[in-house]
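Sequence lines set the chain letters: A, B, ... in the order given, protein chains first and strands last, and positions in each chain run from 1.
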Amino acid sequence: MHRRHSSKTQKQPLQVNCKNQTNLSAWQKGGRIDLKQSVQDHPSPNENDSKQGSLEQALSYFEKIQDRVSLKKNSVLQKHLTTVESIALERGLPPEGFDVLLNVALSGKLADTVNTRLLKSLIPASVIPENSVVSSVSWLCVSKCSGNIQQLFLRWLITVFDFIDHKEQLHALYGIFFSFLQDEKLCPYVCHVLYLLTRKENVKPFRVRRLLDLQAKMGMQSHLQALLSLYKLFCPELVTITLPGKMKTYFKNSEGPWKAAINTVRRRNQENSVVSQPMFLGTAQPQSRKRKWNTQLIIPASSTNKIHLEEDREKNHVDLYSTNESFPVEQLQTFSHLLENIHRLEFPSQMGSVLTNPLLLHYMNCVKDESIYLRLHYWMGQTLQEECIWCVADNNKYEEEFKDFLETIYKTECFLQEGFSSCEEFLYKSLLLWDGFCCRSQILRLVSWIPLSSFPEMKSHLYDPLAQLFFTSSLYFKCSVLESLKELLQNWLNWHMVHLDPESDSEVHSLNTTLSGLVNTVAELIHFVGWLSTVALRLENNPTFLLYFILDFYETVCDMYLRYNLPLLIMPPAGVFYPVLLSMDSVSLNQLCYIMYRYRTNLVAAKENELNKKKIRQFKFSSQTYQEYNQYITAMVGCLWTSSAFQKDTHPQGLRMDDELLKKTAVQEYKTSFNIVYHPAMMGYAVLFLQQAWPDDTTFNFSLIKGKKWNSYLEYLYAQGLKGLKVFIESSINRVSQASHSKAQNVQV
Amino acid sequence: RRGAAPGSVMESADGAMRTLPSIGRLSRGPPFGRAQGRLGVSLSGRLLPPAPYSQGKPDPQRTALLLGKQWILYSVTPLYRFSNAHLRDYARLLSAFIAAEKQKGLAVEIGVELDIKVVVSSLPDLKGSDQDHAAILVQLSSRSPASLKNSDEKLIWSGWFCCVSGDDLSETVTEDFTCLPLFLVNGAESYTSIVGSWFQKTFDCSFRRLAISPLNLSWMAAMWTGCKVDKTASPVELIFSVPCLPQPLDISYAIHAEDAKALWDTVQKTPGEVTQEEVDIFMDCLYSHFHRHFKIHLSATKLVKVSTAIASAHCDGIIKFLQSQYLTGVLMLLTELAISQIQ
């Protein structure tokens, strides 16, 4: 207290806002400064110089006021007061102004109307020096000013709290503020100030008792509830409170008359650095319906509930890395909070709450602690089973909630790039009973995050129930299933890439999964999708829509060796390949061309690696893969280029047909029926090309496309966006002579 | 795979309305089979704990308060950072929490005398093996406002957590966790909800009602029939409910204890061990006897309740213990069911 009085008696006029204010002696010295100089620190345009001058005059006038001055009779006071008000509202006051104006407003020298006007014009242009606030508090202690002014000052303090440059000395005054609680009128505002100031070390049993006495006297008051909740947050071993669910605001009218002005000034000054402190008490979630107490569907709010019992504290002293002060998760609001406090952060009392807290998910990603996953595993497993709407009777009415819950889990999995084992188990258990309709998109998305493991019962628990639904459901469902299986494959491959890192190679093995195990699991999935696709194409009669999803899947499959470093390539089954090759639309055909091109690139790379023996490879592609590729490529080249599909195709399920049989079809020129001109998917382009090249010819004489025209037809096709065809032809067809197309050969790998 | 309980077993009480049906990832069989290996042998048996329990009988005085009352069953996932050293602190915190919940919005100081007194204590003998954590008893009693003397306390609610031979679960968790998978409650639902939420919040665990499937009820019928009871025993009573009727119809089937035991003795091959096959034969004999007299196929109905001299159990997950010497034996079976619901 002594130093506050000394500062008062020194009557120091204006204090510098020095940056290293933590030094107490520096603060005591205070020191006079030249106002002009400090004003120059805030460069202002020339036209404002006069305003600046009048503000200086006003400030020095207020500084020198000794006795009570009447506003009505004193035009000088009127003038200066108006100056302060107008400048404050327009540009805000410089840091040096606050000490002077607060001193005069709280000293009781002037009438309350003047004091009110002065306080209302305390709009900060940048920051407010802490010592001006400290000296104001000492004025409150001597109670020279009226209750209304005290109240207004506290409201001002709450509004501008974040503009105060330092708060250490303000924190030292915690006890003083606390003592103001006894004033019934000030109590709500003091509670708010304390709420902003309270730190863990301020929460003491005698203060708790004092607050409880107040509560007993005044009953349920939202400001007391807020402060007590904060106390509970810091010291759950001292006090507890359950907030009623409806509460929304804890402090009324906290913004006062300044908020709008501050925002205006701030916008003018482009000052965005200070962010007002958010309230973090809103933990009570709106609960739409009354449900069982152990309903787990409601994701708990993040809340600290660390009970600091005696033994725990002693333990902490031994542990060098953990500090006694843990950071309450309720206060974790921004990413920078996370970075600053990551060493003293603790997970909330209920792990389930991380699902809705991205910051904690970030933290979870950094922490290698088995128990956090185990906690989440149990909670999620129980919740999924208990709330599953098709496994548990009477849960139907909560379909929306369950959907949201599944959605949240899916988002979390995407965020963590990792599937939850509890969710995997849930899928295995519930897919058998699933109707394929309820929560469809959520369930299928969750399927895509089933972890990659060599789980032997995958077939009976995932593939069989899915296949059953697949075959009996609509085209759209089929496409959704295929898409989700594609995602699943990609997630597995990504996982494999991350864990393939030679340094973490041991980790793969520690997870009970050997590379060959993984390869087998991936192969099983691809074969499953191949089988699904084959059957689906026959059931649905080869719609383009379905082809698109199937080919999308194979676009990932054909690149596994190069893109994901997985020693596995599987060709699509004939039941997929031939329907696409003979499909009526160019999009699918073009996509197939691209896929075959990527197969080729991957196979060539694999063969080179094998031949060079650069790496000792455990895994070699079987000759059957190469053989299958060669059969397909022969068929494709025959179909698109050499018009020899019926003769050269060697695949057992291929297009090969005897001439006798072909003659019976009565198709003329069956030999040329398939190439890039005559292929049903390409014929449309050929027609357009003809119209362009021979505008006068209406006979559609396709045989005109040959020689040089063949080449310009190719260019035309490429220009139409058939990029897949382009890369395919350029890579797989060895054009002996540019002039002659008929001799082109396919290259076998 | 992080977070997976390594020995997790896909299995649940078959047939119970609110639970998932068993699927064959791991064949079911009596859950005991899991002890022999994850993939379970479907016809492995349950061992009956010897009647005077090897761990030393639980103190009859302490267990007396567990007998003769109806307990509602819950399964509880492992408690995170629970410590036996802090039972008194837990009682203080829980008592303040109850007060705060009852007067929403008013803060409560921790440690002061409140209307509802909470005692959290340990029942050290109530466990099956050395790995088991001792049972934890929570008792709420109300103090009459007139005098706050202890003598005026009235027990209004009690609940206890226990684990008898729960190695299957405790082996899968890290040391931060305490496995007490079975929670039994007697008292008003409103207190259950407050105490339960406090435990959920404080130890990050989840509670679920534990229903008993008809299959497990038939196991109980067989196992308890085979137990020796000193005095003249009350009859074995089985209650069946007939499904798909406009009016609920229950069939009660009571058998003299000696007759039932005689039947069971002819069925059971190895004393001290029970197999699924034996249970099935036992029930089939009872069914065919009933059919002979009343021409009703009990196998087409649903077994909902079993009462014997040892204990009685209802499919909704309600149990009553009658013999203190068989307390741990019954709890072992219930622990098994609770664990299979958690995993």
Side-chain angles (χ1 to χ4, degrees), chain A residues 208-209 211-212 215 220 224-225 228-229 231-232 236-244 247 292-294 296 300 303 305 307 309 311 349-351 370-371 373-379 381-383 385-386 388 391-393 418 420-422 424-425 428-430 432-433 451 453 457 460-461 511, chain B residues 1-5 8 10 12 17-21 23-26 74-75 77-78 80-81 83 85-86 89-90 92-93 96-97 99-111 172-174 176-177 189-190 192-194 196-197 200-209 341-343:
Chain A
V208 170
R209 224 154 289 142
L211 287 176
L212 290 171
Q215 181 187 259
M220 218 183 281
L224 282 177
Q225 284 175 334
L228 280 161
S229 307
Y231 274 35
K232 176 203 167 192
E237 69 275 18
L238 287 180
V239 65
T240 191
I241 182 170
T242 303
L243 292 174
M247 289 295 281
K292 306 186 296 282
W293 62 272
N294 56 339
Q296 281 129 12
S303 71
N305 211 352
I307 301 156
L309 303 165
E311 275 112 301
S349 57
Q350 287 174 284
M351 271 307 285
E370 192 68 19
S371 65
Y373 283 92
L374 212 48
R375 286 163 72 188
L376 203 56
H377 171 82
Y378 280 121
W379 172 77
Q382 297 297 295
T383 308
Q385 283 187 45
E386 186 75 9
C388 174
C391 299
V392 181
E418 182 174 25
F420 292 114
S421 52
S422 43
E424 179 193 7
E425 282 187 18
Y428 292 154
K429 285 185 191 182
S430 59
L432 282 173
L433 300 174
S453 60
E457 278 90 356
S460 54
H461 289 84
L511 285 163
Chain B
R1 289 195 296 156
R2 288 195 278 181
S8 69
M10 293 273 172
S12 59
M17 290 301 285
R18 290 178 51 81
T19 52
L20 292 161
I23 46 169
R25 173 180 176 184
L26 300 167
Y74 287 85
S75 66
T77 60
Y80 179 65
R81 289 203 176 152
S83 160
H86 295 309
D89 298 309
Y90 297 155
R92 282 190 303 131
L93 293 166
F97 180 76
E101 280 290 316
K102 294 187 91 173
Q103 42 179 31
K104 272 202 164 80
L106 286 182
V108 180
E109 189 181 355
I110 286 162
T172 63
V173 297
T174 58
D176 280 335
F177 294 91
E189 165 82 16
S190 58
T192 309
S193 102
I194 296 179
S197 350
Q200 284 191 163
K201 277 185 189 144
T202 314
F203 304 109
D204 204 1
C205 52
S206 311
F207 289 74
R208 279 177 74 197
R209 275 295 291 270
Q341 175 158 297
I342 294 167
Q343 286 190 328

Before giving the answer on side-chain contact (heavy atoms from CB on, under 4.5 Å), spell out for E237(A) and D89(B) the whole-Å C-alpha distance, their side-chain angles and the decisive distance to 0.1 Å.
-> CA-CA 8 Å; E237(A) 69 275 18; D89(B) 298 309; over 6 Å; no
Atom pair OH (Y80(B)) and OG (S371(A)), whose distance is rounded to the nearest 0.5 Å | 4.0 Å
S422(A): partners by side chain to side chain donor-acceptor pair (under 3.5 Å), with sequence neighbours left out | none
Identify the two heavy atoms, one from M351(A) and one from D204(B), that lie closest to each other, and give their separation to 0.1 Å.
-> N-OD2, 2.7 Å
Quick one: are L374(A) and V173(B) in side-chain contact, heavy atoms under 4.5 Å?
-> yes
Side-chain contact test, heavy atoms from C-beta onward, threshold under 4.5 Å: evaluate it for Y378(A) versus C205(B) and give yes or no.
-> no
Passes side-chain contact (heavy atoms from CB on, under 4.5 Å), Q215(A) versus L106(B)? Steps please.
-> CA-CA 7 Å; Q215(A) 181 187 259; L106(B) 286 182; 3.4 Å; yes
Are side-chain heavy atoms of L243(A) and K104(B) found at a separation under 4.5 Å?
-> no
May I ask you to name which of A100(B), A107(B), G196(B) has the most heavy-atom pairs under 4.5 Å with chain A?
-> A107(B)
When rounded to the nearest 0.5 angstrom, what distance separates NZ in K201(B) from CD in Q350(A)?
-> 7.0 Å
Check: E370(A)/T174(B) side-chain N/O donor and acceptor closer than 3.5 Å = no
Between NZ of K102(B) and OG1 of T242(A), what distance do you get to the nearest 0.5 Å?
-> 12.5 Å
Just do the side-chain contact (heavy atoms from CB on, under 4.5 Å) check on Q385(A) and R208(B) with the steps written out, would you?
-> CA-CA 10 Å; Q385(A) 283 187 45; R208(B) 279 177 74 197; 3.2 Å; yes
So which of L212(A), I241(A), L211(A) has the biggest tally of heavy-atom pairs under 4.5 Å with chain B?
-> I241(A)
Looking at residues at least two apart in the chain, or sitting in another chain, which of them share a side chain to side chain donor-acceptor pair (under 3.5 Å) with S75(B)?
-> Q341(B)
Does any heavy atom of chain B fall under 4.5 Å from the side chain of L238(A), the backbone, both, or neither of them?
-> backbone
For the atom pair OG (S349(A)) and CZ (F203(B)), what is the distance rounded to the nearest 0.5 Å?
-> 11.0 Å
Taking every heavy-atom pair that is under 4.5 Å apart, which of G111(B), S197(B), P78(B) has the most such pairs with chain A?
-> P78(B)
Derivation of the side-chain contact (heavy atoms from CB on, under 4.5 Å) call for T240(A) and L93(B) = CA-CA 8 Å; T240(A) 191; L93(B) 293 166; over 6 Å; no
Check: Q382(A) side chain, S206(B) main-chain N or O, donor-acceptor pair, under 3.5 Å | no
